[in-house]
Amino acid sequence: MGDERVATDTATSPRTAQAWRIAELEREVRELRRTNRALRRWVTATLPPGAATEAAAHIPDGVPDTVTDGAGSAEHTGRDHHPATPPAPAHDTRPAPRPAPQTPAPRPAVVFRALGPVEALVGGRPVDLGAPKQRALLALLVSTAGRPVACDVIVEELWTGHPPPAAVSSLHAYVANLRRVLEPGRAPRTQPTVLRTHARGYLLDGRAVEVDVHRFSERAVAGWQALDRGDAHGAVREFEGALALWRGPAYAEVADTALVRPDAARLEELRLSVAEGRCAALLAAGAHEIAVAELEAFVPDHPLREYGCELLSLALYRAGRQADALAVLRTNQRYLASELGIDPRPALRRLEEQILNHAPSLDWRAAHPAASLKTARRPAPAADQRAPHRTARRQPPHHTLLPRTDLPRAPLPAEL
């Protein structure tokens, strides 16, 4: 009886009741902390970054680490000020956090346009490149982007073998002016990152610049690869994107210099080949009338390019102009005989015979998946490591649109 009385007195004593109340408050504090952390994670995962930060700022950081009873006495909850995150519930219905967006690769500091008069864009805005000789210097360096050019070579090219006595001093002044234009935010006495000094010459750093010549070569290769896969519409897009980069002769300011002349000729040959490839892609896509309009302007300007003549004749035949198709082939035959004393290649003579006989193989058919798979087995162009802008060597123009698969290919354009 005495023990029961002691237990009853302990249970009903004010101190015991207070302890039970503090324990209950501690449990509520833990629940509030858990809810608070869950709410912050949910806001961060579901809202955009800016909105999540603003919304999270209105969520209280937590509750005090002490609880106070009604009499004003404080008791510590026994938890640290920065409690560890509790384990997630067994059945967590919160949405999974979104993956962090990937940061895009930084764009080059300067973009050069050399397929025409040289232009430079710094921060997306065109800049004034100064006097003609200074522009010619920049065009010369852009044509050799990533490779150093000796000062002696630059002086020889800019002054065509007859430099004045102050040529080197003028060259140094041109370089200083270009550096101020291309890196307007560069601090004094700091090393330039775009137009750098290299040994006894200058180097346009290929890692800090982007040149439209490189993009043209890449899109040209992508167009031929798409045509080889049987993707005519994709080939048209790539070829048109490549041709849209042209604004005139490549490296116009220095196109006739000995250092740049071979590359300018290479790019012009590649441009003509891409123009023919675009017409071949239009024919493969069934756009015969558009191909006729393009080729009727192209062939008279380049009468010795037999592949263009072949494409025009086929396009005219498919557009219902058989007589015009034959006239193109015969005009080309007479021109080659009178100018060069040679006959057209066998593919053109064979095409003339098939047009006369209305060969069913000349009719256009939509590309079949099996044909696309067969075409895709052709080897891809191999990368050329000799220069940054010579990205790949392409295969000869695609001829699956022509009636015979054994027709000779068009002459190879210059190396990409």
Of all heavy-atom pairs linking Ala114 and Arg247, the shortest is N-NH2, 3.9 Å
ask   = Between Leu259 and Leu140, is a side chain to side chain contact (heavy atoms under 4.5 Å, CB included) present by the stated rule, with each step listed?
value = CA-CA 8 Å; Leu259 186 64; Leu140 193 66; 3.7 Å; yes
I'd like to know if Arg271 and Glu268 make a salt bridge, using a cut-off of under 4.0 Å between side-chain N and carboxylate O.
yes
Q.
Could you check whether any side-chain N or O of Thr331 sits under 3.5 Å from a backbone N or O of Ala327, counting only pairs where one atom can act as donor and the other as acceptor?
A. yes
**Prompt:** Is any NZ, NE, NH1 or NH2 atom of the basic residue among Asp212 and Arg113 found under 4.0 Å from an Asp or Glu carboxylate oxygen of the other?
**Reply:** no
**Message:** With a 6.0 Å cut-off (strictly less than), is the heavy-atom count around NE2 of His358, excluding the residue itself, greater than 12?
**Reply:** yes
Interatomic distance, CD@Glu183 vs CD@Gln191, rounded to 0.5 Å, equals 10.5 Å
Is the shortest side-chain heavy-atom distance between Cys151 and Arg200 below 4.5 Å? no
Is Glu310 salt-bridged to Arg349, going by a charged N under 4.0 Å from an acidic O? no
| field | Side-chain ion pair, Glu238 and Arg278, N-O less than 4.0 Å | value | no
Applied to residues 158-182, the salt bridge (charged side-chain N to carboxylate O under 4.0 Å, His left out) test, sequence neighbours excluded, yields none
Between Tyr202 and His198, does the ring centroid distance fall short of 6.0 Å?
no
| query | So do the side chains of Leu141 and Ile154 get within less than 4.5 Å of each other, counting heavy atoms only? | reply | yes
task: Show the numbers, then the answer: is there a side chain to side chain contact (heavy atoms under 4.5 Å, CB included) between Leu304 and Leu336?
output: CA-CA 8 Å; Leu304 297 180; Leu336 293 177; 3.9 Å; yes
When rounded to the nearest 0.5 Å, the distance separating CH2 of Trp364 from CZ of Arg318 is 8.5 Å
Report yes or no: does Ser170 contribute a side-chain atom to a donor-acceptor pair with the main-chain N or O of Ala166 at less than 3.5 Å?
yes
### Message
Below 30° counts as parallel, above 60° as perpendicular, anything between as tilted: where do the rings of Trp224 and Phe239 land?
### Response
perpendicular
Those residues at least two apart in sequence (or on a different chain) that pass side chain to side chain contact (heavy atoms under 4.5 Å, CB included) with Arg330 are Leu326, Arg334, Glu352, Leu356
### Query
Any sub-3.5 Å donor-acceptor pair from Arg196's side-chain atoms to Leu203's backbone N or O?
no
- Task: Look at atom NE2 of His233 and say whether more than 12 heavy atoms of other residues, nucleotides or ligands are closer to it than 6.0 Å.
- Result: no
